[in-house]
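Worksheet: the structure to be examined is printed underneath.
Residue numbers begin at 1 in each chain, while the letters A, B, ... track the order of the sequences.
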There are 2 protein chains.
Amino acid sequence: MKRSSTVRRSGCPISIALELVGDPWSLLIVRDLMFKGVHTFDGFLTAGEGIATNVLSDRLARLERGGIVDRRPDPEDGRRVRYRLTKKGIGLAPMLVEMVLWSAEHEATDAPEGTVREMRQSRRRVLDRIRRAWRQA
Amino acid sequence: MKRSSTVRRSGCPISIALELVGDPWSLLIVRDLMFKGVHTFDGFLTAGEGIATNVLSDRLARLERGGIVDRRPDPEDGRRVRYRLTKKGIGLAPMLVEMVLWSAEHEATDAPEGTVREMRQSRRRVLDRIRRAWRQA
DNA sequence: CAGGATCCGTTTCGATACTG
DNA sequence: CAGTATCGAAACGGATCCTG
């Protein structure tokens with residue numbers, strides 16, 4: 001596998017950010033940040049699907065290097081670190097929403113619940129809410 | 001990493017089909033099928049980014065098991081195998097389009113070309129064309 | 001105690017090459 | 001157009017250690 005962050009086909013600019021989207025853990029982290037308001041190391045550890053600490057460290061560093069998340073000390077508790085999606089990171093929302101919709105339609109076994117239904121009915125509204133929650137977080 | 005094809009958070013149906021979307025090679029194959037009309041083993045081998053034969057075999061089998069592609073003997077040359085996206089597979093188009101758009105905006109270094117510009121201006125038209133091309137292929 | 005880094009045994013991946 | 005075999009590289013999980 002090439003190590004470049006994007007792959008480009010000659011004559012056809014169909015490039016995909018595989019560095020991000022090709023990695024399950026990174027996607028789970030972004031998803032937790034975007035949909036669940038999880039923003040601490042421990043939050044990812046417990047809310048996630050059992051990611052190991054070293055893997056989490058590594059992915060957070062990658063995402064930070066890629067400009068998708070940033071880290072700052074928690075304003076209310078200087079010892080804590082707060083991870084946030086950057087503007088570039090929040091730009092992934094449409095993609096994530098499509099991923100969730102496709103998964104709900106084709107893979108998930110139990111009936112879709114409120115969030116998914118609303119996504120299906122009005123992507124725009126869901127995206128607006130995600131962006132709003134992000135701005136004031 | 002869990003081996004299940006979808007991951008679900010309790011109380012929040014934000015599940016993502018990581019089995020597919022967490023794997024770079026699978027994404028490249030789907031992309032080639034969707035945007036480039038590549039549909040043979042050798043096509044993926046040469047048009048792709050240097051995938052190994054065993055990996056390609058493995059991913060095609062996975063995608064087939066996942067119901068995303070199917071394989072049939074080429075009508076004009078029975079020895080050849082033709083891979084096609086299934087309906088479920090073509091359902092990934094919106095997600096792929098968002099991936100391409102995000103990548104073009106944030107990752108790709110050279111100026112976006114026609115396809116990307118058209119995607120940005122009218123996702124609908126691009127998606128319609130993809131689906132039409134798929135139906136008559 | 002939160003946020004990581006490091007070491008280590010194990011599993012998975014992938015490049016190459018060979019087979020039908 | 002694939003399946004298989006090998007074998008080194010990388011990723012992973014788990015535990016442990018470190019630092020404020």
Side-chain angles (χ1 to χ4, degrees), chain A residues 1-5 7 18-29 32-33 36-66 68-85, chain B residues 1-5 7 16 18-30 32-33 36-66 68-85:
Chain A
M1 192 65 206
K2 283 236 279 297
R3 284 274 128 249
S4 63
S5 70
V7 175
L18 294 177
E19 201 84 349
L20 165 78
V21 100
D23 180 65
W25 296 123
S26 303
L27 282 171
L28 289 177
I29 292 170
D32 285 346
L33 280 164
K36 289 288 285 181
V38 174
H39 45 248
T40 64
F41 193 89
D42 190 56
F44 298 120
L45 270 186
T46 60
E49 326 298 327
I51 188 171
T53 62
N54 56 347
V55 177
L56 178 55
S57 263
D58 177 74
R59 294 311 193 274
L60 286 171
R62 271 199 220 179
L63 289 170
E64 194 185 358
R65 274 200 308 275
I68 291 167
V69 310
D70 61 9
R71 62 212 260 87
R72 347 184 337 181
D74 189 313
E76 293 162 11
D77 179 355
R79 300 172 312 177
R80 280 179 167 272
V81 176
R82 230 181 120 75
Y83 294 90
R84 282 193 52 186
L85 288 169
Chain B
M1 193 66 208
K2 286 237 278 297
R3 284 276 127 250
S4 64
S5 71
V7 175
I16 296 179
L18 294 177
E19 202 84 349
L20 163 78
V21 102
D23 180 65
W25 296 123
S26 302
L27 282 171
L28 290 176
I29 292 170
V30 171
D32 285 345
L33 280 163
K36 292 287 288 183
V38 174
H39 45 250
T40 63
F41 192 90
D42 192 56
F44 299 120
L45 228 42
T46 60
E49 326 298 326
I51 189 171
T53 61
N54 59 341
V55 178
L56 179 55
S57 263
D58 176 74
R59 296 311 193 274
L60 285 171
R62 272 199 220 179
L63 289 170
E64 194 185 358
R65 274 200 309 275
I68 290 166
V69 309
D70 61 8
R71 61 214 259 87
R72 343 183 340 180
D74 189 314
E76 292 163 11
D77 178 357
R79 299 168 310 174
R80 277 180 169 266
V81 176
R82 230 181 121 74
Y83 294 90
R84 281 192 53 185
L85 288 168

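- If you measure from atom CZ of A:Phe41 to atom P of D:dC18, you get 18 Å, rounded to the nearest angstrom.
- The phosphate of C:dC13 has OP1 or OP2 within less than 4.0 Å of a side-chain N or O from B:Arg62.
- The distance from atom OH of B:Tyr83 to atom C1' of D:dA2 is 7 Å, rounded to the nearest whole Å.
- Contact check for B:Ile51 versus B:Leu28: no side-chain heavy atoms found under the 4.5 Å cut-off.
- Note: CD1 (B:Ile29) to P (C:dG14) measures 11 Å, nearest angstrom.
- Note on residues 52-61 of chain A: pairs passing side-chain hydrogen bond (donor to acceptor under 3.5 Å, both in side chains), not counting sequence neighbours, are A:Asp23-A:Arg59, A:Asp58-A:Arg62.
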Report all interatomic pairs (protein N or O, nucleotide N or O of nucleotides 17-20 of chain C) with separations under 3.5 Å.
from: C:dA17; atom 1: N6; to: B:Thr53; atom 2: OG1; distance (Å): 3.1

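- Atom-to-atom, CG of B:Asp42 to P of D:dA2 comes out at 10 Å; the value is rounded to the nearest Å.
- Between D:dG14, C:dG14, D:dC1, one nucleotide has an atom nearer to the side chain of B:Thr40 than all others, and that is D:dC1.
- A close approach under 4.0 Å does occur between a side-chain nitrogen or oxygen of B:Arg71 and OP1 or OP2 of D:dA2.
- For the pair A:Ser57 and C:dA5, the criterion of a side-chain N or O lying under 4.0 Å from OP1 or OP2 is met.
- Between A:Trp25 and D:dA11 there is no side-chain polar atom (N or O) within less than 4.0 angstrom of OP1 or OP2.
- With sequence neighbours excluded, the residues that form a side-chain contact (heavy atoms from CB on, under 4.5 Å) with A:Thr40 are A:Asp42, A:Arg80.
- Atom pair B:His39:NE2 and D:dC1:C1' shows a separation of 14 Å (rounding to whole Å applied).
- When the P atom of D:dA2 is taken as reference, atom CG of B:Leu45 falls 10 Å away, rounded to whole Å.
- The structure places CG of A:Leu85 at 8.5 Å from CD1 of A:Ile68, a figure rounded to the nearest 0.5 Å.
- Within the 4.0 Å cut-off from OP1 or OP2 of C:dG14, at least one side-chain nitrogen or oxygen of B:Arg59 is found.
- What separates CZ of A:Phe44 from C1' of C:dG3 is a distance of 12 Å, to the nearest Å.
- Between B:Arg79 atom CZ and B:Asp77 atom CG the span is 4.5 Å, to the nearest 0.5 Å.
- Comparing atom distances between the A:Asp23 side chain and each of C:dA15, D:dC12, D:dA2 picks out D:dC12 as nearest.
- Going from atom CZ of B:Arg72 over to atom OH of B:Tyr83 covers 13.5 Å, rounded to the nearest 0.5 Å.
- Between A:Arg79 and A:Ile51, the residue anchored nearer the 5' end of DNA chain D, judged by the nucleotide with its closest heavy atom, is A:Ile51.
- A:Leu33 and A:Val38 get closest at one heavy-atom pair: CD2-O, 3.1 Å.
- Going from atom CG of A:Asp58 over to atom P of D:dC12 covers 8 Å, rounded to whole Å.
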